[in-house]
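So the structure is just underneath, and the comments pick up after that.
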Amino acid sequence: MVTVDIEKCVGCGECEDVCTFGAISVVDEKAVVDQDSCTLCGACVEACPEEALEMSRDDAGLSDSAVSLDAWRGVWVVAEIRNGRYAPVTFELLGKARQLADDLDTDLTAVLMGADVSRHAPELVHRGADRVLVADCPELEAFVDEACAKVLAWLAKEEKPEIILSGATAMGRAFIPQVATMLETGLTADCTGLEISPDGRDLLQTRPAFGGNLLATIICDTRRPQMSTVRPHVLKALEPDSSRTGEIKEVKPPEDLLQGRVKVMESVIEESEGPLLSDSEIVLTAGRGMENEKNISMLEALAHCMDAGLGATRAVTEAGWLPGRFQIGQTGVTVSPKLYMGFGVSGAIQHLVGMQGSDIIVAINKDPDAPIFDVATYGIVADVKEILPVLTKRICQERGIDNV
Amino acid sequence: MNIVVCIKQVPDAASVKWDHEKGTLLRDGVQSVINPFDYNAIEAALSLRDELGGKVTALTMGPPQAQEALREAMSMGVDDGVVVSDRAFAGADTLATTYTLAQAIKKMGQVDAVLCGKQAIDGDTAQVGPGLAVRLDIPCVTCVGDMEIIDGGKGLRLKRMCEQGYDVVEVGFPVLLTTLASLNTPRVPSLKGKMRAKKAEIPLWSAADIGAKEEKIGLKGSPTKVFSTHIPKFEARREMLQGTVEEQVDFLVQKLKEAGII
Ligand SMILES: Cc1cc2nc3c(=O)[nH]c(=O)nc-3n(C[C@H](O)[C@H](O)[C@H](O)COP(=O)(O)OP(=O)(O)OC[C@H]3O[C@@H](n4cnc5c(N)ncnc54)[C@H](O)[C@@H]3O)c2cc1C
Ligand SMILES: Nc1ncnc2c1ncn2[C@@H]1O[C@H](COP(=O)(O)O)[C@@H](O)[C@H]1O
């Protein structure tokens, strides 16, 4: 419950401004909390310049004894392998986890699950793992989320790691929440930052909420393991070092864990030009201002010479100029590349929430009042049809590529 | 078929405005809406019922006002609605939320299908669906982009979408699905539906009603806690380039080179 110290409250309204839930307001110059709407997020407590707000957590019932928390040691990364290739986020996680493990003075273990995957295990050591646990089972040929969840939960109960990290990919987001529920522990989704608390062994997990408009740091200090899924492209991978050595251990999960009730009939890989949207460091987005399907090929040419992924607004996917999986935004994918460029994108909030986390945002729009300019690092008021050929030519020159 | 669709009331992104200069939220006129992905879950539930018979119950955990979301769902054709509402639920993270929703679903008796949206746009976790499936001990298929009834109504063939394409999967009932926007086009409320929804009795179930253990709900049952929050400031934004097309492009290319991007 959030309580207001009437003596200290000066009625400045800072708390009212930051409350996303409309649960606190200033009445007669004092803050009043509507306990029904309050979700105990703590934003107001943080914002109050007078320190007049206090949140009582009253979670004594939850905490296991300190002794049992100490039984959990080590950092784990769940490796994701698709078609014999690791998802880039796996190496990014290992890079960060290496640092976390060193801070905690403990080991870093990678967990590899799949069929015929053992031969890929050494690569995980080269990327920073001290140890790899391999569950190489024919049953895991396709992605059977139920089996993966049960195997990982079984391993975690046996080995008791204090931290488990996974990529916030379609795969990770499908089965990691099942593992956390099986282990009755906390899971923080879609993290963009991870650090160890300066005064202990707790993992500080930072994640965006409300489409990146709010950043929250989450802790899980009373249970183990501490679990997070992490967005691709926010952490740095280590350079592979083939001289690194580590232990590779095969594990045999009990048969009954390997049966899933969902049967995977086939896996279809859709051919896409260039890298996957969510994996791209550069995303070029087509908006309705591209005017027609034919013009999209101008953007494809630029994407090609920049090695960029193509994205789209809903207006574009609905018009059928690009397939639905290219859609960025509230009802599409979220991207946070190093560079986002919007071509004829107006900047509707439903689109902005899916790209606001990008490092550099460039907007090209002929309407100087388009809302996208409010979030753009660089804005160009112009017709995309004029900008695109010039830009493509210049960038091809820079990169020494023939302009096709 | 006993079908449950879980819906969440969320702040309408279009009505939430952020003042990035001051780093605060402008709360005037924030409205609550049904989480956009949940409309697709409602439509999927209704289409299953239309094909296979039975009834659809919409379930939400939230404040008593969340009844409004259920009325909207009912105007689209959902048969019943239940709000699980109790002060003791406040501060629930996804672990406590899935426990609470599972307790409510268990009270409804045998269920054949549970539909959830892919994710809620306020929390953005996408964790409730898969977690709830574990609580109910039923299989789960996430990110469903296409659905077809097979085996004379005994199962479903689904497209599970992922970054590089999709899997075609088959599963029997009971099952939990999380829905993408591309799955279907939600139907619009009918006049008859609106009339019925207006008059419908929507029960509020408390923690005691669903037999929830105190230590598993709300803040007490939530291992994750918000340690701190802040509103990111977009610094040095809104630099409008000037000059001819060539000059603007040159400037931009220069900046991208400096940033090490090209
Ligand atoms: C529940 C819900 C969910 C939604 N989810 C999403 C989502 O996930 N993703 C998404 O993108 N949208 C989503 N939308 C739709 C969103 O509200 C907008 O309609 C959409 O993003 C607009 O796309 P746009 O910017 O391409 O088109 P418009 O808004 O039509 O903008 C086109 C822009 O191009 C400019 N322009 C035109 N011609 C040129 C030219 N020759 N050169 C330069 N500029 C030009 C115009 O000035 C204009 O600003 C959602 C909407 C709802 C209600
Ligand atoms: N409080 C809630 N009440 C009912 N359903 C919910 C609630 N929270 C989440 N859900 C369901 O779970 C889905 C995913 O939510 P989340 O895991 O919070 O992103 C939503 O689309 C809803 O279908």
Side-chain angles (χ1 to χ4, degrees), chain A residues 17-18 20 22 36-37 39-43 46 59 61-62 146 170 173-174 177-178 181-182 185-189 213-220 222-223 261-270 276 278 324 330-331 338-339 349 353 360 377-380 382 386-387 390-391 394-395 398, chain B residues 13-14 18 24-25 27 30 36 63 90-91 93 95 98 121-127 130-131 134-135 139 141-143 162-171 181-182 215 219-220 223-232 234 237-241 245-246 248-249 252-253 255 259 261-262:
Chain A
D17 285 343
V18 298
T20 329
D36 279 336
S37 308
T39 66
L40 300 161
C41 77
E46 189 76 2
D59 52 8
L62 185 83
E146 205 177 350
R173 293 179 116 204
Q178 303 186 34
T181 311
M182 289 169 185
T185 191
L187 169 61
T188 307
N213 283 302
L214 188 74
L215 283 176
T217 301
I218 311 285
I219 54 165
C220 171
T222 53
R223 303 238 186 131
R261 288 167 285 187
V262 177
K263 299 270 169 281
V264 181
M265 311 307 286
E266 75 176 309
S267 294
V268 179
I269 297 164
E270 291 186 325
L276 293 173
S278 53
Q330 186 181 309
T331 46
K338 294 212 176 92
L339 171 65
I349 183 70
V353 297
I360 299 182
T377 326
Y378 304 113
I380 298 182
E386 283 172 34
I387 291 283
V390 183
L391 184 60
R394 279 286 280 116
I395 288 186
E398 283 303 326
Chain B
W18 303 84
T24 56
L25 174 96
R27 210 173 35 72
V30 173
D93 70 0
L95 193 72
T98 56
I121 58 160
D122 53 350
D124 278 335
T125 80
Q127 288 175 183
V134 169
R135 299 269 190 212
V141 183
T142 50
C143 297
C162 60
E163 289 88 359
Q164 66 272 37
Y166 59 90
D167 291 332
V168 178
V169 306
E170 291 183 4
V171 65
S182 55
E215 71 277 11
L219 201 62
K220 275 192 184 169
T224 61
K225 301 186 192 75
V226 180
F227 183 72
S228 61
T229 58
H230 71 278
I231 294 173
F234 298 121
R237 288 274 151 108
R238 216 176 203 291
E239 180 170 353
M240 302 302 284
L241 309 192
V245 165
E246 280 73 17
Q248 298 197 34
V249 167
L252 181 64
V253 169
K255 286 289 173 194
I261 288 173
I262 52 171

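The model shown is predicted, which means the values in this text are computed figures rather than measured ones. Proteins get letters first, then strands, A, B, ... in listed order; numbering begins at 1 in each.
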Practice item. Output the distance between atom CD (A:E266) and atom OH (B:Y166), rounded to the nearest 0.5 Å. Key: 6.0 Å
Practice item. With rounding to the nearest 0.5 Å, note down the distance linking CG in B:L252 to CD1 in A:I395. Key: 7.0 Å
Point to revise | Residue selection (most heavy-atom pairs with chain A, distance under 4.5 Å) from B:C143, B:G91, B:A181 | key: B:G91
Study note, to complete from the structure: The reported gap from OG1 in B:T224 to CD1 in A:I219 (rounded to nearest 0.5 angstrom) is 9.5 Å
Check your understanding: How long is the gap from OG1 on A:T181 to CZ on B:R135, to the nearest 0.5 Å?
Key -> 6.0 Å
Review point. Can you tell me if A:E386 uses its side chain to pair, donor with acceptor, with the backbone of B:V245 under 3.5 Å?
Key: no
Revision key, fill the gap. Applying a strict 4.5 Å limit to non-hydrogen atoms, the region of B:L241 in contact with chain A is both
Study note, to complete from the structure: Assert top hit (heavy-atom pairs under 4.5 Å, partner chain B, pool A:E398, A:R261, A:Q178, A:K263) equals A:R261
Check your understanding: Does some side-chain heavy atom of B:V226 sit less than 4.5 Å from a side-chain heavy atom of A:I218?
Key -> yes
Practice item. May I ask you to name which of B:I262, B:T98, B:T142, B:V134 has the most heavy-atom pairs under 4.5 Å with chain A? Key: B:V134
Revision key, fill the gap. Closest non-hydrogen contact found for B:P130 with A:A174 is CB-O, 3.5 Å
Review point. Side chain, backbone, both or neither: which part of B:T125 has a non-hydrogen atom closer than 4.5 Å to chain A?
Key: both
**Study point:** Engaged part of B:A259 at the chain A interface, taking heavy atoms whose separation is under 4.5 Å
**Key:** side chain
Check your understanding: So do the side chains of A:I360 and B:I261 get within less than 4.5 Å of each other, counting heavy atoms only?
Key -> yes
**Study point:** CD-CZ distance between B:Q127 and A:R173, expressed to the nearest 0.5 angstrom
**Key:** 8.0 Å
Exercise for review: Please state whether the side chain, the backbone, both or neither of B:C162 comes within less than 4.5 Å of a heavy atom of chain A.
Suggested key: both
Review point. With a 4.5 Å heavy-atom cut-off, do A:T222 and B:K225 have their side chains touching?
Key: yes
Check your understanding: Side chain of B:Q248, backbone of A:I380: donor and acceptor closer than 3.5 Å?
Key -> no
